[in-house]
Amino acid sequence: MGRARPGAALGRPGAGRYNPRMQSHRYLPEVSRVSVLMAAILLAFALTRVLQAPNLNLSLPLPGVVLALTLNLNTAIAVLAAGITATGMDWLLRTHPSLEPGESREHWLLPTLTVLVIGIALDTLPANAAWWLGFGVGGLLLLVVFLAEYVVVDPSDVRYPLAAAALTALAFAMFLILAVALRAANARLFLVLPALFLAGGLVALRTLHLRLNERWELNWAVGIGVVTVQLGAALHYWPLAPVAFGLALLGPVYALTGLAVGVSEGNPFQRAWVEPVVMLAIFWGLAVWFR
């Protein structure tokens, strides 16, 4: 159980016990550190448009099937950029006056996932203006994640509800982008399922941690990840457009996370399931529209 947040649920600033006079806190990371970190990550992605290297083809023979995996320079750079992001986020947080020992690790999750998703999405875009548009949008989203993660370190910051809401929205947006990118790239099922499990579980874990007074609901996160994998496997061979595939998976992840929040807050199940079911119907309706 972590420190009390100014609101157990998003959109309700003022809920919970805290001192309103402490709302004057408005910490932001050092501009120089943010600039260095952003420059390192964006430079790594920009190098993928310049550097060329042969693909590395790996195969794993199993009874009745051969698993083939192709590794390229973009994959290596995305993994490298994710490592830079995790260490860089820790470097940024060390300047925060309210940071407690061992607390920085929870703030690595979403930035690292964001960089991996951006790398995968850029790898699927053609090398034209669309790639540079994705590059710019990805950099902007990453900057917002860095700033929001820094703000939510301090529960008494007046901007905490807005930053937590932004992180929640971006977490689900990253999951949608990842699912769409994997579908657009025609990735093999044995690659899609682990990616969906990790993304769905991490998105649920971070969202629940933000909305439930810093409680780690690992069981819920793992369960949501498993459901995501099962649905992803079922929909993998359906003739769905990438956007429809992403929305069809985003709906259950969002709905189950909302249900977990309601149940964990002690709301009666008869009320806790209403909003998740409505949102699930909306996402699935959009998936049918875009199919």
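If you read the sequence from its start, that first residue is 1, and numbering goes on from there.
Screening Leu93, Leu167, Leu92 against His107 for a side-chain contact (heavy atoms from CB on, under 4.5 Å) leaves a single residue, Leu93.
Annotation: side chain of Tyr150 is in contact with side chain of Thr95 (closest heavy-atom distance under 4.5 Å). In this structure, Met174 and Ile177 have side chains that are in contact, with non-hydrogen atoms separated by less than 4.5 Å. Using a 4.5 Å cut-off on side-chain heavy atoms (C-beta onward), Leu193 and Phe197 make no contact. Leu170 has its side chain out of reach of Thr114: every pair of non-hydrogen atoms, C-beta onward, lies at least 4.5 Å apart. At a threshold of 4.5 Å between non-hydrogen side-chain atoms, the residues Arg206 and Glu149 count as touching. Side chains of Pro29 and Leu147 form a contact here, defined as non-hydrogen atoms less than 4.5 Å apart. The side-chain heavy atoms of Ile41 and Phe146, taken from C-beta on, include a pair separated by under 4.5 Å. You'll find the side chain of Glu106 reaches within 4.5 Å of the side chain of Trp216, heavy atoms only.
Atom-to-atom distance recorded for Leu113:CG and Trp108:CH2 is 15.5 Å, nearest 0.5 angstrom. With rounding to the nearest 0.5 Å, the separation of CG in Leu143 from CG in Leu42 is 9.5 Å. With rounding to the nearest 0.5 angstrom, the CG atom of Leu202 is 13.0 Å from the NE2 atom of His209. Atom CG of residue Leu205 and atom CG of residue Leu198 lie 11.5 Å apart, to the nearest 0.5 angstrom. A distance of 12.0 Å separates CZ of Phe283 from CG of Leu249, quoted to the nearest 0.5 Å. Of the inter-residue distances, the one linking Leu122 atom CG with Phe45 atom CZ reads 6.0 Å to the nearest 0.5 angstrom.
Cluster membership for Leu247 and Trp289, using ILVMFWY side-chain heavy atoms within less than 4.5 angstrom, is shared. Cluster membership for Leu256 and Leu196, using ILVMFWY side-chain heavy atoms within less than 4.5 angstrom, is shared. The hydrophobic clustering, which links ILVMFWY residues whose side-chain heavy atoms are closer than 4.5 Å, places Val151 and Leu110 apart. Under a hydrophobic-cluster definition in which Ile, Leu, Val, Met, Phe, Trp and Tyr are linked whenever side-chain heavy atoms come within less than 4.5 Å, directly or via other members, Val243 and Met279 are assigned to the same cluster. With hydrophobic clusters built from ILVMFWY side chains whose heavy atoms lie under 4.5 angstrom apart, Ile120 shares a cluster with Val137.
For the pair Arg159 (side chain) and Ala148 (backbone), a donor-acceptor distance under 3.5 Å is absent. Between the Ser264 side chain and the Val261 main chain, no donor and acceptor come within less than 3.5 Å of each other. Looking at Arg183, its side chain does come within 3.5 Å of a backbone N or O of Leu240 through a donor-acceptor pair. Using modelled atom types, no side-chain atom of Thr48 and backbone atom of Ala44 make a donor-acceptor pair closer than 3.5 Å. A donor-acceptor pair under 3.5 Å is formed between the side chain of Trp284 and the backbone N or O of Ala248.
Residue Tyr254 places its OH atom among 12 or fewer non-hydrogen atoms of other residues, nucleotides or ligands, all under 6.0 Å distant. In Arg291, the CZ atom is not crowded: 12 or fewer heavy atoms of neighbouring residues, nucleotides or ligands sit closer than 6.0 Å.
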* To do: Please test Tyr160 against Asp154 for side-chain contact (heavy atoms from CB on, under 4.5 Å), starting from the C-alpha separation and ending with a verdict.
  => CA-CA 7 Å; Tyr160 176 87; Asp154 184 9; over 6 Å; no
* To do: Determine, stepwise, if the pair Asn267 / Val263 fulfils side-chain contact (heavy atoms from CB on, under 4.5 Å).
  => CA-CA 6 Å; Asn267 296 330; Val263 171; over 6 Å; no
* Pair Arg271-Glu265, salt bridge (charged side-chain N to carboxylate O under 4.0 Å, His left out): steps then yes or no -> CA-CA 12 Å; Arg271 284 192 304 171; Glu265 288 179 341; over 6 Å; no
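Ring pair Phe135/Trp132 is perpendicular by interplanar angle, where above 60° counts as perpendicular and below 30° as parallel.
Closest of all the heavy-atom pairs between Ala199 and Phe175 is CB-CD1, 3.8 Å. Gly139 approaches Met38 most closely through the heavy-atom pair O-CE, 3.2 Å. Residue Ala204 comes nearest to Thr257 through the heavy atom pair CB-OG1, 3.7 Å, listed as atom of the first residue, atom of the second, then distance. The shortest heavy-atom contact between Thr112 and Ala86 is OG1-CB, 3.7 Å. When every heavy atom of Gly258 is checked against every heavy atom of Pro276, the shortest pair comes out as C-CG, 4.0 Å. Scanning both residues, Ala233 and Leu189, for their nearest heavy atoms gives CA-CD1, 4.1 Å.
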